[in-house]
Every structure is written in structure tokens, then in C-alpha cells.
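See structure below.
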Protein chains: 2
Amino acid sequence: MVLLSKHGISGVNMRAVAREAGVALGLVNYYYQDKMSLIRAALKRVDEDDIALVKPDAATPPRERLLEALRRVADPDLLTTPYLALRLQLWALAQANEDFAAINDEAFERYVDGLAALIGSAKPDLSPKECRKRADDIVVIQNGMWLTALLGLNRASTERSIRRTEEIALAP
Amino acid sequence: MVLLSKHGISGVNMRAVAREAGVALGLVNYYYQDKMSLIRAALKRVDEDDIALVKPDAATPPRERLLEALRRVADPDLLTTPYLALRLQLWALAQANEDFAAINDEAFERYVDGLAALIGSAKPDLSPKECRKRADDIVVIQNGMWLTALLGLNRASTERSIRRTEEIALAP
DNA sequence: TCTAGTCTTGAACAGATGTTCAATCTCAAC
DNA sequence: GTTGAGATTGAACATCTGTTCAAGACTAGA
């Protein structure tokens with residue numbers, strides 16, 4: 001029932017959410033104590049989705065897992081304007097609100113940790129510190145891809161950027 | 001008189017702007033026809049600032065100019081939370097409003113063009129197409145730096161990212 | 001000093017928005 | 001069939017927000 005209708009700014013008002021969900025106004029306040037609670041739920045959901053990107057099936061070999069994770073961020077399903085716009089709105093919201101910022105920070109931390117762990121298992125000879133360093137650098141490029149995609153990043157540039165993240169991750 | 005007090009979402013209401021500027025409510029509507037006009041003015045101002053980053057003094061030699069432009073995006077003055085948050089808010093706004101999106105797109109285009117031109121003059125043997133390609137890739141990393149800085153990018157990672165943009169720009 | 005033009009003010013209005021609440025509906029357990 | 005707890009509804013309320021406007025303040029030229 002959540003997450004949709006974010007086609008506007010913080011123009012997500014309770015009435016619009018209710019309309020989008022096909023329920024009455026009162027019901028939204030029945031399930032979510034606050035408007036804050038509602039947005040917090042949406043934020044948490046998006047954050048969990050992001051973290052899921054670096055926590056895949058343990059069946060595949062480490063190297064494959066890492067490469068898959070690096071490719072997945074540029075999945076056409078994810079790199080769509082609606083999804084990115086939603087992400088951007090939530091990031092912007094987090095900037096204005098301490099509570100949301102904390103949730104976001106924690107999710108970001110978990111994401112980088114997950115990425116560093118993937119690198120670690122793909123290249124066991126690297127020190128944890130070096131893994132973390134590489135994860136930091138990769139996240140910069142990934143965030144750049146996401147943001148630039150909103151401004152019309154072409155597919156070729158995306159491909160080159162992904163290759164760059166692969167090079168960083170798998171450098172000797 | 002503009003640009004300030006963006007500590008909130010689109011919680012920039014006319015009354016808050018007036019208070020921040022130390023004037024009466026009516027005056028804001030006297031100078032800006034609309035709330036839209038006000039935000040548009042702020043957006044244009046930030047966009048112009050960005051473009052100025054790649055249009056520096058013609059006195060310095062091309063190579064220096066390029067390197068300086070690449071370094072300037074990570075200037076501690078620019079990479080501050082308030083400024084980045086403002087940028088993020090405006091980007092988010094642009095996503096929700098066609099009018100703003102057009103202004104943003106045009107500024108982005110001009111920025112990449114400016115960067116490509118800088119690369120072209122620093123490395124005259126490159127084709128314009130190759131320059132543009134490199135500019136595209138650099139912008140991805142720069143946007144990533146900006147966005148990640150909001151989530152607590154450490155200085156060391158910023159330095160490495162800048163070095164990466166330099167390598168892309170100056171690759172043979 | 002008078003005047004005309006611009007700047008500045010804050011009250012007033014209409015509409016939107018978050019939240020509350022009494023009333024109604026649903027449906028499983030007895 | 002009755003009961004009762006939870007689900008669902010929409011009207012009502014208080015507050016906030018964009019916009020308008022009549023009135024006053026300021027300034028420079030005659």
C-alpha cells in the first residue's frame with residue numbers, strides 16, 4: 001500500500017496517499033500514527049531494497065556475486081526515473097529531518113559494509129581496510145550513476161562507469 | 001536576499017522567507033510574482049554557480065585550468081552540508097516540476113559542455129566526441145562525490161575520486 | 001512644500017492539509 | 001443469532017500557506 005504516488009515533492013499529503021491506495025482518509029491515520037510514520041515506513045522500505053542489492057544468494061561463487069552486485073545497481077528496472085526520483089525525494093527529506101537522516105546513515109553504512117564484505121570474499125588476500133576503501137570509492141561512482149541518471153545519463157556512460165567500479169573492486 | 005533558509009524541505013513558505021530576509025510578508029510577493037518565481041530564481045542562481053566552476057579565468061594555461069576546475073568541485077567551501085543539501089532540495093524539486101527540470105537540464109548540459117571544452121583545450125589532440133565522453137564520465141564521479149558527501153564521505157575518498165577524474169581527463 | 005512614483009507593511013481571505021472522532025461495517029467466535 | 005473487537009468511513013476542526021490589497025512610509029523632482 002506504501003511507496004507509490006510520490007510523483008510530487010513532499011506534496012504527499014494524507015488525502016493523496018489515501019486516494020492512491022483506494023481507501024478513506026481516516027484509514028491512513030489508523031495504520032500510521034503520523035505523517036512522519038508513513039514517510040518513515042517508505043524510507044525504511046527503500047533502504048532495505050538498497051541493502052538487498054549487496055546481500056544476494058550465497059549459492060553463487062564470491063567473484064560472481066560481487067560482479068552481479070555491481071551490475072545490479074544499473075539494472076534498467078532500478079535505473080528508472082520514478083524509482084530514482086523517489087530515492088532523491090527521500091534523500092532530500094532526510095537532509096531536513098534528523099530522524100530520517102539517522103535511518104539513512106545507518107542504511108548507507110550497512111550498504112558500504114555489505115559491499116566491502118563482497119569484495120573481501122571475492123579477493124580474500126585484501127585487508128578489510130583496503131576492502132572498505134574500495135567500497136567507499138565504488139559507492140561514490142554508484143551514487144553518481146544514480147544521480148546523473150536523473151539528468152539523462154546515456155547508457156554508454158553507465159556501462160563505462162560500471163566497468164570502472166569493477167576495476168576498482170578487482171584491482172590486484 | 002535569496003537562497004537562504006532552505007533548512008527545510010519544500011517547507012520554504014513565504015512567511016519563513018520573509019522572516020529570514022527581515023522583511024514583511026507582502027514584500028516577498030511584491031518582488032516575486034509567485035512562489036514558483038522565487039524558487040526559480042534560487043534554482044537559476046545555484047545553476048549559474050555550478051557552471052561558473054568550469055568557466056574560469058583564461059589567463060592560466062589550459063592544463064592548469066582543467067585541473068583547477070576538477071579540484072574546485074571538492075572545495076571545502078562547496079562540499080559543505082548546507083550547500084549540498086540546498087542542491088539536493090532543488091534537484092528533488094526539479095524532479096517534481098517540468099519547469100524546473102528544464103532549467104536544470106539546460107544547466108547540466110552547459111556544465112558538461114564546459115567541462116568537455118576544458119578537456120579539449122588541455123588535450124587538443126582529442127576528438128570533440130572523445131572529450132564529451134570523458135566529460136560524461138567525470139560528471140558521474142563528481143555527482144557521486146557531491147551526493148556521497150551528504151552521507152559522510154571521508155576526505156581521503158574524495159581525494160581518490162578527484163584523482164580518478166584527473167586520470168580520466170588526462171588519459172592519453 | 002507638494003506630488004507622484006515606488007517601496008513596504010500587515011491584516012484578510014480562500015483553500016489545502018494533518019489530525020481527531022463518532023459512527024458504521026465486517027466477520028469470526030461463541 | 002449475538003456479541004465484540006478490529007477495520008473503515010467521511011465529516012469536522014484547527015492550523016498553515018499562498019495570494020491579494022488597501023493603507024502607510026519613503027524618496028526625489030518640481
Side-chain angles (χ1 to χ4, degrees), chain A residues 1-48 82-83 85-104, chain B residues 1-48 82-83 85-104:
Chain A
M1 161 181 166
V2 225
L3 266 210
L4 334 139
S5 106
K6 313 283 184 176
H7 59 323
I9 341 156
S10 197
V12 262
N13 56 65
M14 303 304 252
R15 269 162 256 260
V17 171
R19 207 179 316 120
E20 189 79 11
V23 298
L25 169 62
L27 199 57
V28 181
N29 277 288
Y30 180 76
Y31 279 108
Y32 299 97
Q33 192 185 15
D34 255 343
K35 190 187 179 182
M36 281 267 223
S37 306
L38 186 143
I39 297 176
R40 198 180 301 127
L43 176 59
K44 279 188 177 163
R45 184 147 150 185
V46 172
D47 279 346
E48 289 306 320
Y83 179 77
L86 169 62
R87 250 249 144 274
L88 191 60
Q89 301 295 340
L90 290 174
W91 266 328
L93 248 157
Q95 276 309 309
N97 181 300
E98 269 189 49
D99 200 8
F100 298 158
I103 297 175
N104 242 353
Chain B
M1 162 181 167
V2 225
L3 265 209
L4 335 139
S5 109
K6 314 282 184 178
H7 58 323
I9 343 156
S10 195
V12 261
N13 56 66
M14 303 305 251
R15 268 160 257 258
V17 171
R19 207 179 317 122
E20 186 78 19
V23 298
L25 169 63
L27 200 56
V28 182
N29 278 289
Y30 180 77
Y31 280 108
Y32 299 97
Q33 193 187 13
D34 255 342
K35 188 188 179 181
M36 282 266 224
S37 307
L38 187 144
I39 296 176
R40 199 180 299 126
L43 177 58
K44 277 187 177 163
R45 186 149 151 184
V46 173
D47 279 347
E48 290 306 322
Y83 179 78
L86 169 62
R87 251 249 141 274
L88 191 60
Q89 300 296 340
L90 291 174
W91 267 328
L93 249 155
Q95 276 309 309
N97 181 299
E98 269 189 49
D99 200 9
F100 299 157
I103 297 174
N104 242 353

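The figures that follow rest on heavy atoms only: side chains count, while hydrogens, waters and symmetry mates do not. A note on names: the letters A, B, ... follow the listed sequences, proteins ahead of strands, and every chain is numbered from 1.
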Problem set entry | Spacing of B:Asn29 atom CG relative to D:dT20 atom C1', expressed in whole Å | 8 Å
Problem set entry | Over all atoms of both residues, closest heavy-atom pair of B:Ala101 and B:Ala94 | CB-O, 3.3 Å
For this session: Measure the angle between the two terminal helix axes of the helix from C:dT1-D:dA30 to C:dC30-D:dG1, five base pairs each, and quote it to 10°.
Result: 10°
Problem set entry | salt bridge (Lys or Arg N to Asp or Glu O under 4.0 Å) contacts touching residues 23-32 of chain A (sequence neighbours left out) | none
Exercise. Could you state the CZ-C1' distance from A:Arg19 to D:dT9, rounded to the nearest angstrom?
Worked result: 16 Å
Exercise. What is the minimum heavy-atom distance between A:Asn104 and A:Leu90, and which atoms define it?
Worked result: ND2-O, 4.2 Å
Exercise. How many Å lie between CG on A:Asp34 and P on C:dG18, as a whole number?
Worked result: 11 Å
For this session: Kindly write out the residues that satisfy side chain to side chain donor-acceptor pair (under 3.5 Å) with A:Asp47, not counting sequence neighbours, or none if the list is empty.
Result: A:Arg87
For this session: Let me have a per-nucleotide readout for nucleotides 12-17 of chain D, 5' to 3', with B, S or -, counting only protein heavy atoms under 4.0 Å.
Result: -----B
For nucleotides 6-8 of chain C, print each protein N/O atom paired with a nucleotide N/O atom at under 3.5 Å, atom names and distance only.
residue	atom	partner	partner atom	Å
C:dC7	OP2	B:Tyr30	OH	2.5
C:dT8	OP2	B:Tyr31	OH	3.0

Exercise. With B:Asp99, which residues qualify under side chain to side chain donor-acceptor pair (under 3.5 Å), at least two apart?
Worked result: B:Arg40
For this session: Examine distances only and state if a side-chain atom of A:Asp34 and a backbone atom of A:Ser37 form a donor-acceptor pair shorter than 3.5 Å.
Result: no
Exercise. What is the minimum heavy-atom distance between A:Ala92 and B:Gln89, and which atoms define it?
Worked result: O-NE2, 2.9 Å
